[in-house]
Amino acid sequence: MCGIVGYVGDKDCASLLVEGLRKLEYRGYDSAGLAVETSAGKVGVVRAVGKLANLDAALAKTPLSGKTGIGHTRWATHGRPSEANAHPHVAGNVAVVHNGIIENHVELRRGLEAAGVKFTSDTDTEIVAHLVHEEMGKKQGDFASSVRRALARLRGAYAIAIVCGDVPETILVAKNASPLVIGIGDGEMMAASDIPALLAHTRDVIFLEDGEMAVLEKKSATLSTLDGKPITRAPKRIDWSPAQAEKGGFKHFMLKEIFEQPRAIEDTLRGRIDVTAGEIVEEEIGVTATLAKKIARVYFVACGTSSHAAIAGRYWVEQLARIPATVEIGSEVRTREPVFGPGDLVVAVSQSGETADTLAAVRTAKAMGAHILAVANVLDSAIPRASDGALYTHAGPEIGVASTKCFTAQLAALLMLAVHLGRARGALSKEEARRILDALLAVPHAMRDALEEAEHVKNLARKYARARDMLFLGRGTGFPIALEGALKLKEISYIHAEGYAAGEMKHGPIALIDEEMPVVVVAPRDAHYEKTMSNLHEVRAREAQVIAVVSEGDKDVVGVDAIRVPVVEPEVLPLVTVIPLQLLSYFIADIKGTDVDQPRNLAKTVTVE
Ligand code: AGP
C-alpha cells in the first residue's frame, strides 16, 4: 500500500503535491518523491528516504518548479526503503509512481536486462517506467496507446500515474486492483490513491475502475478501458469531512482495517501461488526446498496477536508438513535458557518487525545455529534484518493499535509456508495442496461474505456491551481464534476476557460460568464440531448466554446468538471465523466510547522489554 498523487493545472505544483502526500502518509511512509515537468520536455525528480519532512528538506535544497507533476509516499514491498528504491522511477523522459505489486516482475526484468536496460533500483515499479519508455520509443500512436501496450505486459495490481517530458501538461493514470480517484477541478485535474489528498482542491471526483485508464489535462479527464474503449462517467460529489475522509468514511481506522482484510489477503497471496502445480513460488517464501528437507523442528516465536497466528501456523506445519512444531512467546525465550541448533527453523512472526522480545529471541536462536525466517509486515525492519530469510505479509500499514488485517495476513502467509514445507518434503500431495491453495485464493471472497454480518454483530454488541467478563472457546485452529477474540476485546473495550481451548474448559474455567458470563464459542463445521458442541451445551446448561460463530446453514445450533460465516475448507477457517470476533470487539468498544484506535496503555510497536 502506497500513496500516489498527480496534478495538472496552472498552479506551481510541488508543494501542493507534498500536501496531498501528507494526507496519504497513512498508506506508507518509508520514502517519498516527486516528478515535476520543470520546462518543456524536461522532468525533474526529487526523492528522499523516510517521512515527508525529509522530502521537504530535499525540495528546499533542490526546488522543483512546474505545473504538472506526480508524487508518491512508499510502503516498501519489493526493495528495501532507500532513495534509489523511492518513487518516481524514471526511464528516459518517463517518470512513474505506482501503488501495488507487479507479479511477473522477475521475468519482465530479465527480458529488459537482456535487451540492455540498466536498472537503478530493486523495485518492481522501475520495470513499468522502462516498458513505457520502450513503447514510447516505437512511436506507434499516442501516449495512451504506448502506455496501454506497456500495461498489457504486466500481471498484478497497480494504480499508476505517469508523466512524460515529450507529452507536456498531461498525466496518464491507470488502475488494476489498487485504488485511484480523479479530482475534477476548475481548469485543473488531480489524481490520488484516496480522497483525503483531493479535498483541499475539489469535492468532485471520478473513481477509476479496474482495467481503466485516464488521460488528465488541465481541462479534461478522458477515460477509457485498457483495451481502448472510451468511457463516459459523471463525477460524484463527496461530502465527507476531512477526518472522515482520512478513514475512508469509517469511524475508526480499526473498522476500516477490518474491512480491508480481503484486499490484504489478496496482496499477501499475489504472485506466490501456482495452483496448477500445487506449489508455492519458492523465491517468495524465504525457505528453499533444500533447506525445507533438512528441518528437524519448527519453532515459532512471537508476541500478542502474532503469537496467535503462530499457533495456527504450528497446527498447519504439523498437519501438512509433518514436522514437529512448537510456539513460544518472545519474552519467555529470552527469560529461559532455551536450546536451539542447526536443524531448527525458527519462524519469528511480527507485524511491526520491531518487537523487542521477538527480536531478542531471534538473536538467541541465531547465535545457537538455528535458521531464522521472519514473517513481517514492514519491509527491512529489525526482525527481518536479523533473520536469514523473510516472508512478508502485504497488508499495508496498520494504524489501529489493535491488529486485525496484519493478523489475517500472517495466517495466510503461515498457511502458504506450511504448504511449501509439506510439498518440499513430500508430506503433502499435489491434489491436497491444490485443494488448500484454491481455498486460500477464495478467502477474500469468503471474508467479504463474513463482513456482511457486521450489522447483525453490531446488534449483538448492544446486548453484550455491559458484560464484565467474557470467555472465548475454540478447538483446533479455532483455539488461537478464541485467544485472539479475547485479546481484541480486552485491548479495546477493557472488558476482562479469556481465551481457552474448548477441551480445557472443564479443567477450571467452567467454575466461572453462570448467567453473568457470556461465552463466545468458535464452532464452525469442522472435524471438532461435535466435541465443541458438547462444550457449548455444557455452557448452556450453566445458564450462560452463548454467542456462537457457526457455519452458514448450520441448523443444529439453537438457543444461542449465532453469527454465521461462509462454509470454507477447514484449513482456511481461522481467516474467516476471526472476522465476527474482530467486529464484536470493535462494536462493543465503540458503544462503550473507548479510544478504539489508541487504547490506553498500549503501543503499536513494543520496542522495550
Ligand atoms: C495486537 O492487537 C497487539 N497490539 C499486540 O498484541 C501485538 O500483536 C504485539 O505487541 C506483537 O506485535 P508485533 O506483531 O508487531 O510483533
Side-chain angles (χ1 to χ4, degrees), residues 75 252-258 260-261 264 268 300-313 327-334 346-363 365 372-387 390-414 472 480-495 497-499 578-579 581-586 588-589 594-609:
W75 177 263
H252 294 100
F253 279 111
M254 181 181 173
L255 188 60
K256 175 171 179 273
E257 286 158 3
I258 290 173
E260 276 172 3
Q261 290 179 105
T268 300
F300 292 91
V301 289
C303 300
T305 287
S306 297
S307 75
H308 303 153
I311 295 173
V327 179
E328 191 151 354
I329 49 175
S331 54
E332 280 303 304
V333 175
R334 75 194 307 192
V346 170
V347 182
V349 188
S350 170
Q351 65 80 23
S352 64
E354 299 286 346
T355 301
D357 288 330
T358 308
L359 181 59
V362 161
R363 289 191 172 133
I372 319 287
L373 174 71
V375 175
N377 194 48
V378 182
L379 201 99
D380 217 34
S381 47
I383 292 171
R385 282 204 311 273
S387 302
L391 165 52
Y392 286 106
T393 52
H394 292 314
E398 192 175 62
I399 312 290
V401 166
S403 186
T404 52
K405 63 176 182 172
C406 283
F407 173 68
T408 44
Q410 287 169 344
L411 291 175
L414 293 173
F472 288 69
I481 296 311
L483 293 176
E484 179 57 9
L487 181 67
K488 284 288 87 75
L489 189 69
K490 52 189 153 196
E491 279 187 310
I492 60 169
S493 76
Y494 317 141
I495 292 174
E498 296 298 336
V578 75
I579 287 183
L581 303 192
Q582 296 168 337
L583 288 169
L584 185 68
S585 306
Y586 170 77
I588 289 180
T594 58
D595 187 346
V596 171
D597 285 333
Q598 291 182 314
R600 68 187 182 202
N601 306 336
L602 292 179
K604 186 72 189 159
T605 306
V606 184
T607 51
V608 290
E609 192 174 346

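For reference, positions follow the sequence shown, starting with 1. Both ligands and their constituent atoms are indexed starting at 1 by order of listing.
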Yes or no on side chain to side chain contact (heavy atoms under 4.5 Å, CB included) for I495 and K490, after CA distance, side-chain angles and deciding distance? CA-CA 5 Å; I495 292 174; K490 52 189 153 196; over 6 Å; no
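- Scanning both residues, S403 and K488, for their nearest heavy atoms gives O-NZ, 2.9 Å.
- With respect to the salt-bridge test (charged N to carboxylate O, under 4.0 angstrom), the residues D357 and R334 qualify.
- The distance between the ring centers of H252 and Y586 falls below 6.0 angstrom.
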Next item on the list: Could you check I311 against L483 for side chain to side chain contact (heavy atoms under 4.5 Å, CB included), going step by step and ending with a plain yes or no?
Entry: CA-CA 10 Å; I311 295 173; L483 293 176; 3.6 Å; yes
Give one line per pair: atom of ligand 1, protein atom, distance. Only N/O to N/O under 3.5 Å.
{"residue": "ligand 1", "atom": "2 (O)", "partner": "T305", "partner atom": "OG1", "Å": "3.3"}
{"residue": "ligand 1", "atom": "2 (O)", "partner": "S403", "partner atom": "N", "Å": "2.8"}
{"residue": "ligand 1", "atom": "2 (O)", "partner": "K488", "partner atom": "NZ", "Å": "3.1"}
{"residue": "ligand 1", "atom": "2 (O)", "partner": "E491", "partner atom": "OE1", "Å": "2.8"}
{"residue": "ligand 1", "atom": "2 (O)", "partner": "E491", "partner atom": "OE2", "Å": "3.0"}
{"residue": "ligand 1", "atom": "4 (N)", "partner": "V401", "partner atom": "O", "Å": "3.1"}
{"residue": "ligand 1", "atom": "4 (N)", "partner": "E491", "partner atom": "OE2", "Å": "3.1"}
{"residue": "ligand 1", "atom": "6 (O)", "partner": "T305", "partner atom": "N", "Å": "3.3"}
{"residue": "ligand 1", "atom": "8 (O)", "partner": "T305", "partner atom": "N", "Å": "3.1"}
{"residue": "ligand 1", "atom": "12 (O)", "partner": "T355", "partner atom": "OG1", "Å": "3.4"}
{"residue": "ligand 1", "atom": "14 (O)", "partner": "S306", "partner atom": "OG", "Å": "2.5"}
{"residue": "ligand 1", "atom": "14 (O)", "partner": "Q351", "partner atom": "N", "Å": "2.7"}
{"residue": "ligand 1", "atom": "15 (O)", "partner": "S350", "partner atom": "OG", "Å": "3.4"}
{"residue": "ligand 1", "atom": "15 (O)", "partner": "Q351", "partner atom": "NE2", "Å": "3.2"}
{"residue": "ligand 1", "atom": "15 (O)", "partner": "S352", "partner atom": "N", "Å": "2.9"}
{"residue": "ligand 1", "atom": "15 (O)", "partner": "S352", "partner atom": "OG", "Å": "2.6"}
{"residue": "ligand 1", "atom": "15 (O)", "partner": "T355", "partner atom": "OG1", "Å": "3.3"}
{"residue": "ligand 1", "atom": "16 (O)", "partner": "S350", "partner atom": "OG", "Å": "2.6"}
{"residue": "ligand 1", "atom": "16 (O)", "partner": "T355", "partner atom": "OG1", "Å": "2.4"}

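- Tested against S387, the residues L373, V362, V347, V375 include a single side-chain contact (heavy atoms from CB on, under 4.5 Å) partner, V362.
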